Amino acid sequence: MAYNGGSGKRLCLGTDLDVERSNGNNYMSGEPRRKREMPARPNHILLYTIINPAYPITVDVIHTISTPHGQVQRIVVFKKNGVQAMVEFESIESATRAKEALHGCDIYSGCCTLKIEFAKPERLNVFKNDQDSWDYTLSEDVQPTQRSAPLLQSPQYTGGRPQPYNMDFGSGGPPPPGMMKDRHGPPPPHHPRDGRGYGPEGYGGEGFVPPPPMHHPPMPPQNQGGPPQQGAVMMVYGLDPNTVNADRLFNLCCLYGNVVRIKFLKTKEGTAMVQMGDGVSVERCVQNLNNVTVGDYTLTLAFSKQAYLSEVMNPYPLPDKSPSFKDYVGNKNNRFLTPASIHKNRIQPPSKVLHFFNTPPDVSDEQLLQVFQDYGVTPPHTISKFPLKSERSSSGLMEFQNISQSVMAIMACNHATIQHPGAKFPFVMKLCFSSSRQIGQGKGQTPTKNQNHNQNQDNNRQGHDNGIDQDYY
């Protein structure tokens, strides 16, 4: 048995699982109990459900972890409800070995946990070999039956001539050096197991890159125009139809990736489709925002079957008279445009403490509170500003009563402008979720000398530990 440092989380080594057994059924630790169901009969096809998919899951990843337990014939990855995959083995015995060895394991350290059960289909149908499906029974020169040639070229995005589909990371360039040269495309970030994983060098063998830090894996610049990457559109249900518009939804989704287009559905009130820069951004949104309560509504996010959103020439007006469709290609408020800006981002789930930055250097608490009042949302009850690192701008933390209020504040006030008499242009306030659980010193309280010293130390630490580094620009 191998452990991931001091966290106590076991890595995927194909050993016995730490599961709770009750009434003959297996339950993953910490997973809510469900109504008792008859266990599925053994089958040579397994259903993999990936919990907390922090990194992309492709056929390469699934094939690498499955082949040690038997010959894999076909793999299909689908993302309708989260991230799942079906794996067809050559025999029931191989599938049973894989299920017993992999169920409950982490593909990568601390994330991408596997829940495996027997599937019902007798055979998987693979129509093309790509990163989401593959038929391993065919030789290299024999491909699955392809559909007829398309009638039109790929849809254009930003005007001008149609652009060819680039099989890269969304930045228009080739894969970074050291990435695995494989027919299925580049693999996701890899966490080696010091020789304790599958094969002599852990998962994936010698072609994988060194591991990134777990708290903020490096991300390549995402798509901003051109044909979209596969699986980059998501459905968002449960929006307040009276207050939410495209810009407010953008303010929330941009925390997890570049937003390309947003379209509200006229026939489904409170429902929108959002095209992100890539599929990984959609996974982040689904992972962090699904089932989050916003006021009297609960958000539900899921992958869409559409590959991209077409431009709407005459969008209908929303209740606030804003258009129901907006294009955000080239919008400077997208936060994953360059490697430098990507590195400064910290992916955080919703919390009641927000990190604010890019505000005037001498901004007062009253000015900040007025911004939220002007936009009709509940203001924070506590504001704590960080010591100034430069005269260019200020930053700090603000705490709300609950997560619902903080989410509404981000949707309404993220990218709100604050006027400053000494500046040629207004400051655009940026908000993001913080990793802090609370703010130690509340507004309106007079700290003692020791308390003030301790709080300054804590604020300095929090400034580097929250959503975005203070010096974002």
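These figures come from a predicted structure and were not determined experimentally.
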Should Tyr48 and Ser66 be marked as a side-chain contact (heavy atoms from CB on, under 4.5 Å) after you check the CA-CA gap, both sets of side-chain angles, and the distance that decides it?
CA-CA 11 Å; Tyr48 291 27; Ser66 302; 3.0 Å; yes

Salt-bridge test for Glu399 and Lys352: reply yes if a basic N is under 4.0 Å from a carboxylate O, no otherwise.
yes

Rounded distance [0.5 Å steps], CE in Met235 versus OG1 in Thr300:
11.0 Å

Walk me through whether Thr378 and Gln401 qualify under side-chain contact (heavy atoms from CB on, under 4.5 Å).
CA-CA 9 Å; Thr378 304; Gln401 292 291 344; 5.8 Å; no

Assess Lys268 against Tyr237: is NZ or CZ under 6.0 Å from the centre of the six-membered ring, and within 45 degrees of the ring's axis?
no

Between Ile65 and Leu102, what is the shortest heavy-atom contact and its length?
O-CD1, 3.6 Å

Please check if atom CD in Glu269 has more than 12 non-hydrogen atoms from other residues, nucleotides or ligands closer than 6.0 Å.
no

Measuring from atom SG of Cys254 to atom CE of Met276, what distance do you get when rounded to the nearest 0.5 angstrom?
8.0 Å

Going through the checks in order, is the side-chain contact (heavy atoms from CB on, under 4.5 Å) test met by Leu47 and Gln84?
CA-CA 7 Å; Leu47 173 63; Gln84 295 179 302; 4.1 Å; yes

In the structure I gave you, are the side-chain heavy atoms of Leu239 and Leu299 within less than 4.5 Å of one another anywhere?
yes

Asp278 CG to Asn258 CG distance, which is reported to the nearest 0.5 Å:
8.0 Å

Do Asn358 and Val428 come within less than 4.5 Å of each other through their side chains, counting heavy atoms only?
yes

Looking only at non-hydrogen atoms, find the nearest pair between Leu46 and Ala95 and report the distance.
CD1-O, 3.3 Å

Find out whether Pro121 and Met86 are in side-chain contact, i.e. whether some heavy atom of one side chain is under 4.5 Å from a heavy atom of the other.
yes

Just checking, is any N or O donor in the side chain of Ser133 or Asp130 under 3.5 Å from an acceptor N or O on the other one?
yes

Answer whether the closest heavy-atom distance between the side chains of Glu122 and Asn43 falls below 4.5 Å.
yes

With distance as the sole test, does His355 use its side chain to make a donor-acceptor pair with the main-chain N or O of Cys432 at under 3.5 Å?
no

Does any part of the side chain of Ile403, heavy atoms only, come nearer than 4.5 Å to the side chain of Phe433, both counted from C-beta?
no

Using only atom types and a distance under 3.5 Å, with no angle test, would you say the side chain of Asn288 pairs donor to acceptor with the backbone of Arg284?
yes

Going from CD on Gln73 to CD1 on Ile45, what distance comes out if it is rounded to the nearest 0.5 angstrom?
9.0 Å

Are His415 and Lys430 side-chain neighbours, meaning at least one heavy-atom pair lies under 4.5 Å?
yes

Evaluate side-chain contact (heavy atoms from CB on, under 4.5 Å) for Val282 paired with Val233, printing each intermediate quantity in order.
CA-CA 7 Å; Val282 177; Val233 180; over 6 Å; no

Shortest non-hydrogen separation from Ala412 to Val377 and the atoms involved
CB-CG1, 3.7 Å

Partner of Thr243 under side chain to side chain contact (heavy atoms under 4.5 Å, CB included), chosen from Met408, Met411, Arg248
Arg248

Interatomic distance, Glu88 atom CD to Leu124 atom CG [nearest 0.5 angstrom]
5.0 Å

Side chains of Tyr55 and Ile107 in contact at under 4.5 Å (non-hydrogen atoms)
no

Quick one: does Ser324's side chain have a donor or acceptor within less than 3.5 Å of a partner on Tyr316's backbone?
yes

Where is the tightest heavy-atom contact between Ser341 and Leu337, given as atom of each residue plus distance?
OG-N, 3.5 Å

Where the side chain of Asn334 meets the backbone of Val259, is there a donor-acceptor pair that is under 3.5 Å apart?
yes

Can you find a heavy atom in the side chain of Val87 that is under 4.5 Å from one in the side chain of Val72?
yes

Does the side chain of Ser322 pick up a donor-acceptor pair with the side chain of Asp320 at under 3.5 Å?
yes

Between Pro68 and Thr64 the two heavy atoms that sit nearest each other are CD-O, 3.4 Å

Return the minimal non-hydrogen interatomic distance between Asp106 and Gly110, and the atom names on each side.
OD2-N, 3.5 Å

Donor-acceptor pair, Asp240 side chain versus Tyr297 backbone, under 3.5 Å?
no

Give a yes-or-no answer on whether the side chains of Asn52 and Tyr108 include a donor-acceptor pair shorter than 3.5 Å.
no

Heavy-atom count check: over 12 atoms from other residues, nucleotides or ligands less than 6.0 Å from Asn242 CG?
yes

Give me the ring orientation class for Tyr136 and Trp134: parallel if the planes are under 30° apart, tilted from 30 to 60°, perpendicular past 60°.
tilted

To the nearest 0.5 Å, what is the distance between CG (Asn129) and CZ (Arg74)?
10.5 Å

